[in-house]
Number of protein chains: 2
Amino acid sequence: MAETLTAEAILAATEEVLRRYGPAKATVVDVAKALGVSHGSVYRHFPTKAALREAVTRRWLDDIHAHMAPAFDQGRTTAEVLRDWLQRLFDRKRRSHSEDLELFTTFKVLVAESSVVSAYHLECLVGQLTSIIAAGVETHEFVTDDVESTAQAVWDATLMFHHPAHAQEWGNPHVQEQFDAVVSLVVDGLRYNRVPSGTGDA
Amino acid sequence: MAETLTAEAILAATEEVLRRYGPAKATVVDVAKALGVSHGSVYRHFPTKAALREAVTRRWLDDIHAHMAPAFDQGRTTAEVLRDWLQRLFDRKRRSHSEDLELFTTFKVLVAESSVVSAYHLECLVGQLTSIIAAGVETHEFVTDDVESTAQAVWDATLMFHHPAHAQEWGNPHVQEQFDAVVSLVVDGLRYNRVPSGTGDA
DNA sequence: GGACTGACAGATTTCAATATCTGTCAGTCC
DNA sequence: GGACTGACAGATATTGAAATCTGTCAGTCC
């Protein structure tokens, strides 16, 4: 038996309870029961149920952020790095959706609950995109006058392949082709030798 | 009083009932009551409640399809036509969302109910996109080896600005900038003089 | 005879009572 | 004295009985 109740132990128990009962049924009392303490003790570490759920969500998202990391292998074009990063993100979300639908649904609800946490998630991943695009600008492979908003545009344009609202389409047999088509369009849009707007004749 | 009950009269009454009570509360009995007939009569024209709702939804979407029409003005580049088409679609959906949230929500529910109707909606609008991109290929302003799947890619890349799941973000003060950034990226991706993949140095 | 009604069976929804949960805090126990 | 308990008030969720709705169809009415 643990010396004293820690925030980490509560988070682990909460994750387990959420996995077992789902987001609609999981209660603070359940978490306390799993830990063998009274539910009042849980409130010494987290001020509200919402804060507890938010902390669990942040913990789960940080795991994604860590696994998505940079990935600037030597000898690859920035376009390849970008394509690979987007593909890895898509694969990770799609696998999570198909292999553990209940857990995926649980975290979809949790993320939707807190705009703070979803803003944090967005900031982390668009930040990674920004560093990739900045690298492309450095090598003159990409051109843009605003790296930040271009990174946001790449994020927005690929929404269908990372936003949980569209998860049901990830099972479609042609979704990989759709992904490739969108990413090709976006990568072409980032490339250096674009012509001045409105005079694109051969 | 009408001679005999028509499908059109039922559809109009259903729309009114949906507007008044919302999709969760609207019943076939309400529709019959509004028409001054027994609910059995409604079933002479529509086999099920679902079929009735689907017919109303299709009627509503057809109105959008008609208003979105081509728009190939003389003397504009295809890029401008495409940008204008996407902007008009976005404006229409955004206005509908901000000016009559209840009706917007009602039709969001109805469209989500029937995959047949939403597939129809998608087919109509991606069809219009296809004709725009085909025109751009004709004038050598755009290049693609598959007009159909490129049109689908443009649709998918602009998902955030036409899919009702993202309607809450349409109120964001920076959403027009995000729209412009995504559309610029996409239009640049469509332009003719793209370089061969993977050798984009200056 | 064909448009319409109204009663019906089974499915779904509503509503109010009952039970459970959240968040607090005075008090217990090392 | 600080970690923890357990009883409490108000808010939320569950439940099951009653009401309503969907879809059918035999029968009425012009």
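The structure displayed is predicted, hence computed values, not measured ones. Lettering follows sequence order; numbering is per chain, from 1.
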#### Entry: Leu5(A) CG to dT5(D) C1', straight-line distance once rounded to whole Å
13 Å
#### Entry: Residue whose closest nucleotide on DNA chain C lies nearer the 5' end, Lys33(A) versus Gly40(A)
Lys33(A)
### Task
Give the C-alpha distance, both sets of side-chain angles, the deciding distance and a yes or no for salt bridge (charged side-chain N to carboxylate O under 4.0 Å, His left out) between Arg19(A) and Asp100(A).
CA-CA 10 Å; Arg19(A) 178 184 274 279; Asp100(A) 197 344; 3.0 Å; yes
### Side chain of His39(A) - closest among dG23(D), dA3(C), dA7(D)
dA7(D)
### Query
Which residues pass the salt bridge (Lys or Arg N to Asp or Glu O under 4.0 Å) test with Glu113(A), sequence neighbours left out?
Arg53(A)
### Query
What's the closest nucleotide to the Lys25(A) side chain, out of dC4(D), dT14(D), dT22(C)?
dT14(D)
### Task
Please tell me which of the listed nucleotides, dC4(C), dG6(D), dT22(C), lies nearest to the side chain of Tyr43(A)?
dT22(C)
### Task
Using distance alone, with no hydrogens and no angle criterion, decide if Gln176(A) and Arg94(A) have a side-chain donor and acceptor under 3.5 Å apart.
yes
### Side-chain N,O (Ser38(B)) to OP1/OP2 (dT5(C)) below 4.0 Å
yes
### Query
Roughly how many Å is it from CD1 in Ile10(A) to C1' in dA3(D), rounded to a whole number?
12 Å
### Task
Quickly work out the Arg44(B) CZ to dT22(D) P distance and round it to whole Å.
18 Å
### Task
Write down the distance between CZ (Phe46(B)) and P (dT22(D)), rounded to a whole number of angstrom.
15 Å
### Message
From C-beta outward on Lys49(A), which listed nucleotide comes closest to its side chain: dT5(C), dG23(C), dG6(D)?
### Response
dG23(C)
### Task
Select base, sugar-phosphate, or nothing to describe what Thr27(B) touches, counting heavy atoms under 4.0 Å on all strands.
sugar-phosphate
#### Entry: Base-pairing assignment for dG1(C) (Watson-Crick or G-U wobble, both under 3.5 Å)
dC30(D)
### Task
With heavy atoms under 4.0 Å as the rule, sort Val28(A) into base, sugar-phosphate or nothing.
sugar-phosphate
### Query
Nearest-Å distance, CG (Asp30(A)) to C1' (dC21(C))?
10 Å
### Query
Between dC4(C), dT5(C), dC4(D), which nucleotide gets closest to the side-chain atoms of Val37(B)?
dT5(C)
### Query
Counting only side-chain N and O atoms of Thr4(B), is one of them less than 4.0 Å from OP1 or OP2 of dC4(C)?
yes
### Message
Check for me whether the distance between the ring centres of His162(A) and Phe179(A) falls short of 6.0 Å.
### Response
no
### Task
Can you label the angle between the His97(A) ring and the Phe104(A) ring as parallel, tilted or perpendicular, going by 30° and 60°?
perpendicular
### Summary
For dC25(D), the nucleotide meeting Watson-Crick or G-U wobble distances (both under 3.5 Å) is dG6(C)
### Message
My understanding is that a pair needs two contacts under 3.5 Å, Watson-Crick or G-U wobble. By that rule, which nucleotide pairs with dA13(D)?
### Response
dT18(C)
### Query
Arg53(A) has an atom CZ; how far is it from atom C1' of dG23(C), in whole Å?
16 Å
### Nucleotide nearest Val29(A) when distance is taken to its side chain, options dA3(D), dC21(C), dC21(D)
dC21(C)
